[in-house]
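As structure tokens, the structure follows; a few thoughts come after it.
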Amino acid sequence: AQRVTQPEKLLSVFKGAPVELKCNYSYSGSPELFWYVQYSRQRLQLLLRHISRESIKGFTADLNKGETSFHLKKPFAQEEDSAMYYCALFTGGGNKLTFGTGTQLKVEL
Amino acid sequence: EAGVAQSPRYKIIEKRQSVAFWCNPISGHATLYWYQQILGQGPKLLIQFQNNGVVDDSQLPKDRFSAERLKGVDSTLKIQPAKLEDSAVYLCASSDTGLGDSYNEQFFGPGTRLTVL
């Protein structure tokens with residue numbers, strides 16, 4: 001069965017410091033990975049997907065099939081990055097997502 | 001474009017009572033999802049509809065939970081009777097037809113926070 005692991009419940013960094021939110025997945029096939037974000041008092045929304053290979057709000061994520069990881073990175077954290085981040089796995093068929101438990105990112109001044 | 005609408009936003013009930021949540025998806029979206037998000041966990045899919053038919057309800061506790069989407073648009077999720085462990089945020093999401101091999105983005109509503117006392 002597929003599984004998504006986000007080992008950190010809370011990650012606190014200072015403004016301007018690099019950020020790395022960890023995500024590991026378990027799936028024997030060819031996965032699609034996503035990062036969803038939920039800002040305070042806002043709804044859950046898609047941040048980026050690995051197949052697009054683009055940078056959104058300065059964030060990037062590379063799928064590493066050897067390590068089964070999809071870590072989210074940003075070189076310089078901003079205060080507005082403070083939010084809850086969820087890694088999600090799509091394994092095809094039925095459009096279903098398996099979410100990780102989420103990491104709360106707190107960017108301090 | 002209007003997003004996914006849900007009501008109520010908050011609900012407090014006593015255990016063994018019943019409760020219902022309503023969802024209105026984005027116009028034209030054929031697929032509708034109900035998720036349960038318990039505090040400290042990620043969203044867990046309860047049920048998925050394609051138009052007015054159920055695609056997946058494997059994780060729906062059918063002894064107490066029920067859901068319907070009679071006209072293929074709005075949906076209701078009901079819990080009867082509620083238990084303490086049902087305290088959670090219930091999220092509704094919708095997407096274009098999502099039965100193929102490519103992911104169609106799911107758009108989420110604001111959620112309903114249920115507290116069972």
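Each chain gets a letter, A, B and so on, in the order the sequences are listed, and its residues count up from 1.
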field: Region of L97(A) that comes under 4.5 Å of a non-hydrogen atom in chain B
entry: both
message: Check the orientation of F70(A) and W35(A). Use parallel for under 30°, tilted for 30 to 60°, and perpendicular for over 60°.
response: parallel
query: Does any heavy atom of chain A fall under 4.5 Å from the side chain of Q106(B), the backbone, both, or neither of them?
result: both
message: For the residue pair Y33(B) / S95(B), report whether a side-chain donor-acceptor contact shorter than 3.5 Å exists.
response: yes
query: Which region of R41(A), side chain (C-beta onward) or backbone (N, CA, C, O), has a non-hydrogen atom less than 4.5 Å from a non-hydrogen atom of chain B, or is it both or neither?
result: neither
- request: Indicate yes or no: does K74(A) engage D81(A) in a salt bridge with an N to O separation below 4.0 Å.
  value: yes
message: Please determine whether the number of non-hydrogen atoms from other residues, nucleotides or ligands lying under 6.0 Å from atom CD of Q80(B) exceeds 12.
response: no
- prompt: Side chain, backbone, both or neither: which part of Q45(A) has a non-hydrogen atom closer than 4.5 Å to chain B?
  reply: neither
